[in-house]
Amino acid sequence: MSSSITRREFLKIAGFTLAIAITPSGYHILSAKEAEDAAAKGFSPSIWLRIMPDDTVVVIVNKSEMGQGIYTSIPMIVADELEADWKKVKFEVAPAADGYKDPVWGAQATGGSSSIRHMYEPLRKAGAAAREMLVAAAAETWKVPAKECEAVAGKVKHVSSKRTLSYGRLSKAASVIPVPKEPRLKKDSELRFIGKTMPRLDIVEKTDGSAIFGLDVTVPDMLVAVVLRPPIFGAKAQAVHGSAIATKIKGVKEVVRIDRGVAVCAETFDAALKGRAAIHIVWDKGTDEALSTESLARDFQSHLGKDGVIARKDGDSQKAYAAAAAKIDAAYSLPYLSHATMEPMNCTAFVQKDRCDIWAPTQNQTGTLSTAQKITGLKPEQIHVHTTYLGGGFGRRFEQDFVEEAVQISKAVSKPVKVIWTREDDFHHDYFRPGTLSRIQGGLDEKGKLTAWSHKIVCPSIFARVFPATVKNGIDNAAVEGLSNMEYDIPNISVEYVRIDTPVPVGFWRSVGSSHNAFTVESFIDEMAHLAKKDPLKFRLDLLRKHPRAQKVLEVAAEKAGWGKPLKKGMGRGIAYHLSFDSYVAQVADISVNKKDGTIKVHKVVCAVDCGNVVNPDTVKAQMMGGIVMGLSSALKEKIEFAEGGVKTENFDTYPLLTMSETPEIEVHIVKSNGKLGGIGEPGVPPVAPAVANALFNIAGVRMRTLPMTPEAVMQALKG
């Protein structure tokens with residue numbers, strides 16, 4: 001396959017051609033001839049790797065890097081099967097093209113903790129195939145049987161004569177060898193990188209500041225744009241005033257109307273902001289000008305009384321509940337949440353007559369390509385998506401709103417344009433984690449066995465907007481994940497989904513439905529254990545006898561946390577478990593609470609995770625820690641407030657996040673298994689909120705059924 005397009009991109013500016021290579025060192029400007037030469041050389045048995053004459057192994061990564069270490073994990077998989085010299089391994093970021101699509105999704109995107117799960121086997125085969133081709137090339141060069149040769153650390157060795165040839169020396173000869181369809185994969189005992197902690201390939205540029213994030217992109221002749229968007233949901237501009245005043249501000253060049261509002265283009269970000277401040281837009285009343293946090297709560301409550309669709313039905317939960325010897329009927333409420341990514345939304349685009357370049361910190365290259373096609377009318381091969389590093393994603397950068405703005409504005413002004421959102425823009429125009437309201441009824445028989453579970457959830461639908469074809473029989477699987485597949489062995493279970501449509505836009509948020517459903521399930525399981533007068537750990541283990549991987553992570557987390565051992569005075573301990581994205585996670589939280597002001601202090605979280613085969617243990621631990629911190633922040637602090645038809649929350653002064661000083665000691669224990677591969681970016685989030693809530697009950701005797709567990713909410717519960 002020719003790599004002249006897929007390895008190097010060309011940007012035509014002012015009548016001459018530049019090649020912008022996405023490399024581990026960021027964007028390096030090459031001449032056209034240098035770019036073509038670099039792409040033409042080397043051995044490329046598949047689109048996933050290239051071996052250069054100087055022995056460099058370049059692995060092409062089709063997933064976005066947002067801190068999860070994918071620029072190292074994917075090269076590890078290829079390099080291990082290839083039997084490469086790790087010191088010679090580098091990576092390049094894949095362009096947006098059909099060949100780089102996720103083989104399971106059929107789209108080039110990063111999310112759902114799917115990168116390793118979906119790419120593991122194809123990448124191992126790609127590395128193994130290249131290894132066998134290099135061995136065959138060496139055998140042919142030496143005129144010996146291939147079985148007498150072996151690949152070792154970037155070289156092929158003839159065992160008996162001890163002759164060696166490096167991969168670079170063999171690259172030309174290997175390029176004419178047929179690609180094996182079913183190469184032999186290494187046995188576990190032969191693996192050199194997979195399962196080992198390896199240093200990240202991007203650590204240098206991330207520490208010396210040379211890594212290129214979206215906000216770092218600079219293109220010659222570029223303008224910076226900010227957009228004035230509607231203050232209330234669904235509002236449309238009726239009149240725009242002040243454009244002439246804005247264009248008189250030093251540095252302001254253009255004022256452009258686009259689908260989402262009015263854009264001010266300037267030489268600098270500061271000038272663009274000043275221009276935006278000079279503009280006044282008369283908006284219509286929008287979808288619901290009276291929308292507020294309180295009105296949404298009333299709407300959710302009214303929907304709880306409506307009939308929904310059945311997502312799961314085992315036995316007869318209502319009959320079993322009515323006959324139960326002991327029972328609980330509880331409601332759980334969770335708020336809308338912002339993504340609050342470290343890097344605000346941004347995108348740079350340059351639309352020309354026959355070409356469009358987009359530089360974006362995106363989780364959705366296929367979506368970005370499609371968005372640009374619709375706006376420009378260009379063919380896919382005329383659109384070039386350059387994926388930068390992402391300053392946090394969490395699902396927010398799967399969306400296309402910031403890409404759409406940049407492409408529309410660039411098309412209008414015929415110049416490269418970088419759209420930058422302020423922090424206030426981010427909060428006001430997010431695609432939020434849905435708010436939810438659940439009612440759960442649980443019943444025990446005379447022996448304290450859980451026999452009935454009826455779960456009704458009111459939740460907006462993400463998939464109805466993003467992937468409407470996946471909503472079958474009225475059920476959004478994201479809304480009921482963690483419920484419809486709940487593993488606890490309860491003979492009578494029902495899960496009912498009531499969809500609520502509000503003006504508030506909702507989208508994927510780290511761990512999606514599991515982020516809220518784990519809290520309700522694991523809190524209620526604890527309530528039932530207390531009602532049954534049983535140890536919460538044993539209660540769970542008894543209900544998970546058919547699920548040994550689930551039992552194991554619970555046992556490991558409990559053992560490492562000292563479950564059952566006496567706690568220090570004033571300390572409480574809680575446990576929670578959740579399965580999400582095919583990974584099993586259990587967490588134990590140790591907390592204290594200030595009963596004078598209601599402040600919860602989390603002292604320690606112990607986590608056990610089973611995600612099947614582990615590629616890089618360091619990455620697994622880092623991701624679980626990051627998920628725990630994010631989960632704690634949402635459990636204790638975060639809530640979006642609404643008023644007057646839009647978002648009331650402005651910035652971090654009204655949307656506080658967990659600080660470094662509040663971060664507890666975190667232990668992560670990897671439970672090894674040969675089970676199905678699981679994801680790792682998201683499963684750390686769900687169990688921590690219920691673990692803390694259960695620990696609060698353990699120490700203070702109060703149940704928190706609403707998040708966040710702010711000091712004010714805790715004090716109210718203590719008094720009540």
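Only a predicted model underlies this, so the values are computations on that prediction, with no experimental measurement involved.
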Handout entry: is_close_aromatic(Phe193, Trp86), centroid dist under 6.0 Å
Key = yes
Exercise for the section: Tell me yes or no: between the side chains of Asp54 and Thr56, is some donor less than 3.5 Å from an acceptor? Expected result: yes
Problem - Residues Arg131, Glu81; criterion salt bridge (charged side-chain N to carboxylate O under 4.0 Å, His left out); working and verdict - result: CA-CA 7 Å; Arg131 182 190 71 234; Glu81 282 293 352; 3.0 Å; yes
Handout entry: Non-hydrogen atoms of Glu343 and Arg397 that approach each other most closely
Key = O-NH2, 2.5 Å
Exercise for the section: State whether the side chain of Ser113 and the backbone N or O of Glu682 hold a donor-acceptor pair below 3.5 Å, judged by distance alone. Expected result: yes
Completion exercise
When rounded to the nearest 0.5 Å, the distance separating CD of Glu405 from NE2 of His429 is 8.5 Å
Exercise for the section: Examine distances only and state if a side-chain atom of Gln108 and a backbone atom of Pro95 form a donor-acceptor pair shorter than 3.5 Å. Expected result: yes
Practice task
Examine distances only and state if a side-chain atom of Asp216 and a backbone atom of Phe213 form a donor-acceptor pair shorter than 3.5 Å.
Solution key: yes
Exercise for the section: Inspect the surroundings of CZ in Arg169 and state if more than 12 heavy atoms from other residues, nucleotides or ligands are less than 6.0 Å away. Expected result: no
Problem - Backbone N/O of Gly679 and side chain of Ser583: donor-acceptor pair under 3.5 Å - result: yes
Handout entry: Pair Tyr167-Val156, side chain to side chain contact (heavy atoms under 4.5 Å, CB included): steps then yes or no
Key = CA-CA 7 Å; Tyr167 283 178; Val156 177; 3.9 Å; yes
Problem - Lys676/Asp582 ion pair, N-O < 4.0 Å - result: yes
Handout entry: Chi angles and distances behind the side chain to side chain contact (heavy atoms under 4.5 Å, CB included) call for Tyr120, Ser115
Key = CA-CA 8 Å; Tyr120 188 74; Ser115 296; over 6 Å; no
Problem - Any side-chain donor near an acceptor of the partner, Gln408 and Asp259, under 3.5 Å - result: yes
Exercise for the section: Flag this pair as yes if the NZ/CZ of Lys63 is under 6.0 angstrom from the six-membered ring centre of Trp105 and inside a 45 degree cone about the axis; otherwise no. Expected result: yes
Exercise for the section: Determine, for Glu132 against Lys125, whether the closest basic-nitrogen to carboxylate-oxygen distance falls under 4.0 angstrom. Expected result: no
Completion exercise
side-chain hydrogen bond (donor to acceptor under 3.5 Å, both in side chains) pairs touching residues 610-619, sequence neighbours excluded, are Arg549-Asp610, Asp610-Ser673
Practice task
Can you see which heavy atom on Pro434 is nearest to which on Gly507, and at what distance?
Solution key: CD-O, 4.2 Å
Practice task
Ignoring hydrogens and angles, tell me if any N or O in the side chain of Glu254 forms a donor-acceptor pair with the backbone of Cys265 under 3.5 Å.
Solution key: no
Problem - Spacing of CD belonging to Glu381 relative to CD1 belonging to Ile383, to within rounding of 0.5 Å - result: 8.5 Å
Practice task
Only one of Asp425, Asp401, Asp430 passes salt bridge (Lys or Arg N to Asp or Glu O under 4.0 Å) with Arg229; say which it is.
Solution key: Asp425
Handout entry: Nearest-0.5 Å distance that lies between atom OG in Ser171 and atom CG in Leu165
Key = 11.0 Å
Problem - Separation of Ile409 CD1 from Ile375 CD1 (nearest 0.5 Å) - result: 10.0 Å
Exercise for the section: Take Arg192 and Asp80 through the test salt bridge (charged side-chain N to carboxylate O under 4.0 Å, His left out) and record every step on the way to the result. Expected result: CA-CA 6 Å; Arg192 297 173 54 230; Asp80 206 334; 5.9 Å; no
Handout entry: Least distance between heavy atoms, Cys611 atom then Val620 atom
Key = SG-CG2, 4.4 Å
Handout entry: Main-chain N/O of Ala97 paired to Gln365 side chain as donor or acceptor, under 3.5 Å
Key = no
Handout entry: Centroid-centroid under 6.0 Å between Tyr71 and Tyr389 rings
Key = yes
Practice task
Examine distances only and state if a side-chain atom of Ser410 and a backbone atom of Val351 form a donor-acceptor pair shorter than 3.5 Å.
Solution key: yes
Handout entry: Whether Glu190 side chain and Asp188 backbone form a donor-acceptor pair below 3.5 Å
Key = no
Problem - Lys/Arg N to Asp/Glu carboxylate O, Arg200 vs Asp202, below 4.0 Å - result: no
Exercise for the section: Sequence neighbours left out, what pairs pass side-chain hydrogen bond (donor to acceptor under 3.5 Å, both in side chains) with at least one residue falling in residues 367-380? Expected result: Thr362-Thr368, Thr368-Gln400, Thr371-Gln400
Exercise for the section: Would you confirm whether Thr110, through its side chain, and Ser64, through its main-chain N or O, come within 3.5 Å as a donor-acceptor pair? Expected result: yes
Exercise for the section: Please confirm whether Phe508 and Phe463 have ring centers closer than 6.0 angstrom. Expected result: yes
Fill in the blank from the handout: In short, Leu337 meets Glu638 closest at the heavy-atom pair CD2-O, 3.3 Å
Problem - Exam field: side chain Tyr431 to backbone Gly395, donor-acceptor pair closer than 3.5 Å - result: no
Practice task
Could you tell me whether Phe350 and Trp359 have their ring centroids closer than 6.0 angstrom?
Solution key: no
Problem - Salt bridge Glu83-Lys155, side-chain N to carboxylate O under 4.0 Å - result: no
Handout entry: Rounded distance (nearest 0.5 Å) linking atom OG of Ser511 with atom CE of Met630
Key = 8.0 Å
Handout entry: Glu424 atom CD: more than 12 heavy-atom contacts under 6.0 Å
Key = yes
Exercise for the section: Would you please classify the geometry between the His339 ring and the Trp509 ring as parallel, tilted or perpendicular, with 30° and 60° separating the classes? Expected result: tilted
Exercise for the section: Could you tell me which non-hydrogen atom of Ala84 sits nearest to which non-hydrogen atom of Val57, and how far apart they are? Expected result: CB-CG2, 4.2 Å
Exercise for the section: Could you check Ile77 against Met119 for side chain to side chain contact (heavy atoms under 4.5 Å, CB included), going step by step and ending with a plain yes or no? Expected result: CA-CA 9 Å; Ile77 297 168; Met119 298 305 302; 5.9 Å; no
Problem - Shortest non-hydrogen contact from Ala126 toward Ser46 - result: CB-OG, 3.8 Å
Handout entry: Ser515 side chain to Arg433 side chain, donor-acceptor N/O pair below 3.5 angstrom
Key = yes
Practice task
May I have the step-by-step check of salt bridge (charged side-chain N to carboxylate O under 4.0 Å, His left out) for Arg396 and Asp426, ending in yes or no?
Solution key: CA-CA 10 Å; Arg396 178 61 180 93; Asp426 261 1; 5.4 Å; no
Handout entry: Verdict with supporting geometry, Thr348 and Ile358, side chain to side chain contact (heavy atoms under 4.5 Å, CB included)
Key = CA-CA 6 Å; Thr348 302; Ile358 299 170; over 6 Å; no
Practice task
Enter the distance from Leu677:CG to Arg117:CZ here, rounded to the nearest 0.5 Å.
Solution key: 9.0 Å
